[in-house]
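Not measured: the values here are computed from a predicted model. Both ligands and their constituent atoms are indexed starting at 1 by order of listing.
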Amino acid sequence: MTLSPTVKPTPNPYIVLDRKLASVQNRLFQAAHSQPLELKHLGIALNHQGIKGDRLYAHPDMMPLPLRRCSYLQSLSRRQLAILSACLFANFYKLVANSECQTLISNMTAAQKYFLPFSDDYMILHQETSEEMDHIWTFRTIHSMICRETGAKDTFECPGFFRGEAAFFDLDDWEAINDSARLPGDYQHVLSLLREKDGLTRLLAEMKAKGRAWRFRVLNFLIGEASSFLSAQQVQDLGLGGLWLLVRYISNVDLKQVESYLLESPEDVDYEPLAYQINQGHLHDEARHYTTSFDIGLAMYRSAEPSAQAFIRELIRLTMEDYIAGTFLHFPEMLELSNRGRVCLTISLGQNSLAMALNHPEFSDRQVDIDQLYREWAAMEWGKVLPPVGPGLLAQKRWRYIALQFERLRSEMQFEFDSEHLGNLLQRYEGILALESLNEPFVLS
Ligand SMILES: [Fe+2]
Ligand SMILES: [Fe+2]
């Protein structure tokens, strides 16, 4: 008598990755975890410690606040600046954690639909999901500590990268995403198009015609729950796993362009050591995730039907354009957009951090009207140049990084950006790529 029945594998509907790819991924994962590298213990230590002393949690030039121009900000004490930077750190990683929640669902769905259960290929996305859970847990712990220390009432839930909140969005979009994202009618409609011949062409036309909010809502469905209603073969033919990982690649790039510079020049700045270790540890994990997104994303994309590849290519182009339109902006341009009723993630990151910090007893005699402050900044004279020093240099570095990584994917997928839609922002994108050295001022087109 056998105690456990042997499960016979069903006829194999799964794809197999290039052997080198899977073995490199697994070797990197083992190397990363042979020493305990989880972030939780650092989050726990930071929670016990609280916001201590004058040490910073972010480079002042990476804080989306005019620290060099605004007299109120300039007059903050070192201790107050440390508290403000801690609030920014917590708010930034709150955004990251909310985005990572999507990866839990989408990674596991893609693994199930593409790879033989528990094979080496399957385990790559499984391992990453386990790391994301560690990240989310840690970032939530840090956020709770900052709320406790400042006395701010702030929820952990916020927009994430995958629900239409790339860089900036219209308030109407945000409400539409929240109110109707779960309407089964839309889901049924999209699923029926996915099953029809020429359905992808019609779906794409609808996604373009019905506006950005509807496009993002459908995209969110396609990279996540849609696969649960389809067979493995259908998902692979449609390339939905590829779509997911390539969209993930775009947000990996967006994450890294901030996170890699958030605690820049540790030799010159007195950083809170635990915050620094958390930032470095997360960067390490995400560097591997970034590689997975690109390599496995492209392998899945290439295993899709030609019509599905064309559909994915177009959605990737539109998504990248959204990021370019929201990222290649100067601080005053972001201020202007947010004054015109758009929600700009960078601006709200600064506003939320300041609002949280003002709750701290250390700020009791430094209260300020935040709305008034932002109105004053919007009214200031701002040059249209990124200088090769301070925040200007960091913006140049970040833009160059984004453009280089986007070009990697664009050249693999072979598409052109819509210059009419992007206008001068595409010129900035191309200009930063063409720049010989970052030691010169970058004049904004
Ligand atoms: Fe993460
Ligand atoms: Fe990740």
With sequence neighbours left out, write down each residue that passes side chain to side chain contact (heavy atoms under 4.5 Å, CB included) with Ala275, or none if nothing qualifies. Tyr57, Phe89, Glu272
Under-2.8 Å protein N/O/S neighbours of the Fe ion (ligand 1), ordered by chain then residue number: Glu100 OE2, Glu132 OE1, His135 ND1, His282 NE2, Glu286 OE2
Check ring pair (Phe, Tyr, Trp, His ring centres under 6.0 Å) between Phe415 and all other residues, then give those that pass, not counting sequence neighbours. Phe417
Looking only at heavy atoms, the pair that brings Met63 and Ala58 closest together is CG-CB, 4.2 Å
Under the side chain to side chain donor-acceptor pair (under 3.5 Å) test, which residues partner Glu321, sequence neighbours left out? Arg317, His421
Lys/Arg N to Asp/Glu carboxylate O, Glu259 vs Lys256, below 4.0 Å: no
Check this for me: does any side-chain nitrogen of one of Asp54 and Arg79 sit under 4.0 Å from a carboxylate oxygen of the other? no
